[in-house]
K.L.:
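Sharing a structure, written as structure tokens. Questions coming.
Here is the naming used below: chain letters follow the sequence lines, and residue numbers restart at 1 for every chain. Any value given below was found using the heavy atoms of this structure, including those in side chains, with hydrogens, waters and symmetry copies removed.
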Protein chains: 2
Amino acid sequence: MKIDVTKHLTLGAKRTLKAFRVAMFDALSEKDFDRITVNDICKKSEYPRATFYNYFDDKLDLLEYLWSYIGKNILDQISSTQHNKNNLVKIFNLLVDFFEENPALLANIKKSDGSNSHLWHNMSGYLKHEANIIVYKNYADKNSVALPAPLVSRFYSDLIIGLLEWYLFEEPNADKETADKYLINLLTGNF
Amino acid sequence: MKIDVTKHLTLGAKRTLKAFRVAMFDALSEKDFDRITVNDICKKSEYPRATFYNYFDDKLDLLEYLWSYIGKNILDQISSTQHNKNNLVKIFNLLVDFFEENPALLANIKKSDGSNSHLWHNMSGYLKHEANIIVYKNYADKNSVALPAPLVSRFYSDLIIGLLEWYLFEEPNADKETADKYLINLLTGNF
DNA sequence: TGCAAATTTATAAAAGTGTCTAAATATAGG
DNA sequence: CCTATATTTAGACACTTTTATAAATTTGCA
């Protein structure tokens with residue numbers, strides 16, 4: 001990204017970022033990421049190319065900003081003060097809810113080869129990253145003799161995203177309660 | 001890919017694929033993937049652009065073919081008949097060995113933002129996929145009441161790649177034996 | 001070896017990318 | 001509200017990508 005979105009943004013900048021975000025999100029429900037051009041995004045958002053390049057290096061850069069934004073938004077509802085294994089189940093459920101609320105996006109990801117698609121690899125990487133930030137905050141203080149804390153939190157977030165991938169692409173007929181049960185089994189070493 | 005590499009290939013096709021693979025692999029040790037052009041690949045491999053586009057959709061397509069090829073090659077040494085948890089450690093060690101044998105590639109991945117780099121996300125996805133094929137063959141027959149087999153093998157391959165990422169990018173000073181120990185702890189639910 | 005079929009190649013052209021200007025516009029702060 | 005500063009914009013540019021075509025070459029097989 002050409003700008004730092006964690007710093008203060010003018011109203012105009014926020015408006016522009018949102019327009020590009022929405023344009024990319026909509027475009028993703030319509031066609032493959034490969035087929036989306038910067039021109040498409042500019043036409044949809046009604047901003048000139050030069051403005052696009054003021055904010056982003058390229059369309060992948062916008063895509064990744066979109067994933068980060070979405071990831072943060074989904075997981076916003078997790079309290080960082082409650083520390084328990086239930087939070088991991090809650091993160092998983094929030095992610096599932098997001099995809100159930102956005103079937104067009106999910107369908108497009110599935111169309112381009114499901115869990116093997118670039119789109120999914122890319123998105124899940126960012127979701128995992130956002131999940132890991134929360135998980136780390138929750139478990140960093142629980143010292144384990146057997147394993148370093150960063151490795152454990154990484155393990156937990158990997159687990160959540162792995163189960164999500166399985167649930168969305170491999171076993172789309174499984175119900176959420178069963179998936180929750182499986183998650184708990186994996187978390188408690190019951191396998 | 002424009003052709004099916006699992007089907008029979010002519011000698012010429014094999015020669016051409018190898019030339020493109022080697023060209024991309026070498027290019028990756030020299031500069032960022034973003035900066036590599038199809039022209040670079042063609043110059044290195046001494047094939048015309050039209051031939052490149054006979055085989056691949058674009059440079060990302062070649063990259064992914066390269067990762068699959070490398071993944072298969074690294075893990076070729078795993079026997080599919082021996083079924084034990086040791087195989088998981090062996091897969092991890094083979095992957096570590098590959099990166100220790102290819103420091104220029106690793107350095108380039110690290111340079112472009114370590115575990116956050118596109119290159120790594122992309123590569124690790126394919127390594128995980130290849131690892132999962134082997135793990136699934138090893139564990140599919142061990143029925144678990146608590147969890148479906150595809151989920152368990154996915155869990156194991158996630159674990160291996162997660163630990164690899166941690167070992168390569170987060171804790172490059174850890175020794176392989178410690179990493180092996182951590183892997184066993186994670187596999188046995190000792191966390 | 002020789003021939004039909006498939007593949008590779010040179011070449012051209014349309015479309016997309018990313019950078020750069022200077023003018024137009026928007027912004028924050030007195 | 002005004003003004004210095006920063007951002008946005010149009011337009012042009014060099015370059016890369018991707019597709020398409022027909023001729024040249026290579027391939028598998030009899």
Side-chain angles (χ1 to χ4, degrees), chain A residues 1-24 26-28 30-66 112-113 117-119 122, chain B residues 1-24 26-28 30-66 112-113 117-119 122:
Chain A
M1 284 204 74
K2 299 259 175 72
I3 64 155
D4 184 348
V5 287
T6 64
K7 289 227 166 63
H8 173 78
L9 297 173
T10 64
L11 262 187
K14 282 193 222 168
R15 214 180 329 121
T16 310
L17 281 170
K18 187 199 238 168
F20 283 133
R21 230 164 42 216
V22 169
M24 177 57 92
D26 289 350
L28 284 173
E30 290 162 19
K31 51 170 145 174
D32 282 5
F33 180 69
D34 296 347
R35 302 273 160 209
I36 298 170
T37 67
V38 175
N39 282 324
D40 291 340
I41 298 296
C42 291
K43 202 166 283 179
K44 261 185 196 297
S45 60
E46 297 177 288
Y47 277 92
R49 290 171 60 78
T51 304
F52 179 90
Y53 285 108
N54 281 343
Y55 286 87
F56 305 102
D57 296 319
D58 48 39
K59 63 173 179 164
L60 188 63
D61 198 27
L62 165 57
L63 185 75
E64 288 167 355
Y65 163 66
L66 176 63
S112 43
D113 214 11
S117 82
H118 312 153
L119 211 52
N122 199 268
Chain B
M1 285 203 72
K2 299 258 176 73
I3 62 155
D4 184 349
V5 287
T6 63
K7 290 229 165 61
H8 174 76
L9 297 173
T10 64
L11 263 187
K14 283 193 220 168
R15 212 179 330 120
T16 310
L17 280 169
K18 188 199 236 168
F20 283 133
R21 231 164 42 217
V22 170
M24 177 57 91
D26 289 350
L28 284 173
E30 289 162 20
K31 51 169 142 173
D32 283 3
F33 179 70
D34 296 348
R35 303 270 162 212
I36 298 171
T37 67
V38 175
N39 280 324
D40 291 340
I41 299 297
C42 292
K43 203 167 282 175
K44 264 186 196 292
S45 59
E46 298 177 288
Y47 277 92
R49 292 173 59 79
T51 304
F52 179 89
Y53 284 107
N54 281 343
Y55 286 87
F56 305 102
D57 296 319
D58 48 41
K59 62 174 179 162
L60 188 62
D61 198 28
L62 165 57
L63 185 74
E64 288 167 356
Y65 163 66
L66 176 63
S112 43
D113 214 10
S117 81
H118 310 156
L119 214 50
N122 199 269

K.L.:
Kindly say whether B:D34 contributes a backbone atom to a donor-acceptor pair with the side chain of B:K59 at under 3.5 angstrom?
P.N.:
yes
K.L.:
Counting only side-chain nitrogens and oxygens, does A:N54 get under 4.0 Å of the OP1 or OP2 atom of D:dT7?
P.N.:
no
K.L.:
To the nearest Å, how far apart are A:D57 CG and C:dT17 C1'?
P.N.:
13 Å
K.L.:
Taking atom P of C:dT17 as reference, at what distance in whole Å does atom CZ of A:F52 sit?
P.N.:
9 Å
K.L.:
Rounded to the nearest Å, what distance is computed from the NZ atom of residue A:K2 to the P atom of nucleotide C:dT17?
P.N.:
13 Å
K.L.:
Do B:D26 side-chain atoms and B:A23 backbone N/O form a donor-acceptor pair below 3.5 Å?
P.N.:
no
K.L.:
Any side-chain heavy atom of A:K18 sitting closer than 4.5 Å to one from A:R21?
P.N.:
yes
K.L.:
Are there over 12 heavy-atom neighbours, none belonging to B:K31, within less than 6.0 Å of that residue's NZ?
P.N.:
yes
K.L.:
Working to the nearest 0.5 angstrom, can you tell me the gap between B:D61 CG and B:Y55 OH?
P.N.:
13.5 Å
K.L.:
Taking OP1 and OP2 of D:dT8, is either one under 4.0 Å from a side-chain nitrogen or oxygen of A:Y55?
P.N.:
yes
K.L.:
With nearest nucleotide decided by heavy atoms, which residue, B:A50 or A:P48, maps closer to the 5′ end of DNA chain D?
P.N.:
A:P48
K.L.:
B:Y47 OH to C:dA10 P: how many Å, rounded?
P.N.:
12 Å
K.L.:
Rounded to whole Å, how long is the line connecting atom NZ of A:K7 with atom C1' of D:dA6?
P.N.:
16 Å
K.L.:
Using atom CG of A:D4 as one end and atom P of D:dT7 as the other, report the distance to the nearest whole Å.
P.N.:
13 Å
K.L.:
Below 4.5 Å, heavy atoms only, C-beta onward: do B:M1 and B:L17 meet side chain to side chain?
P.N.:
yes
K.L.:
Rounded to whole angstroms, how far apart are NZ on A:K43 and C1' on D:dA10?
P.N.:
16 Å
K.L.:
Search all heavy atoms of A:N54 against all heavy atoms of A:K2 and return the closest pair with its distance.
P.N.:
O-CB, 3.1 Å
K.L.:
Are any protein N/O atoms closer than 3.5 Å to N/O atoms in nucleotides 12-17 of chain D? If there are, list each pair with its distance.
P.N.:
residue	atom	partner	partner atom	Å
D:dT17	OP1	B:V38	N	3.4
D:dT17	OP2	B:V38	N	3.4

K.L.:
Would the number of heavy atoms belonging to other residues, nucleotides or ligands and lying under 6.0 Å from NZ of B:K7 be above 12?
P.N.:
no
K.L.:
For a ring-ring contact (aromatic ring centres under 6.0 Å, His included) with A:F20, tell me which candidate from A:Y65, A:Y53, A:F52 qualifies.
P.N.:
A:F52
K.L.:
Round to the nearest Å and state the distance from A:K14 atom NZ to C:dA26 atom P.
P.N.:
18 Å
K.L.:
Taking only nitrogen or oxygen atoms into account, show me every contact under 3.5 Å that the protein makes with nucleotides 26-28 of chain D, one pair per line with its distance.
P.N.:
residue	atom	partner	partner atom	Å
D:dT27	OP1	B:R15	NH2	3.4

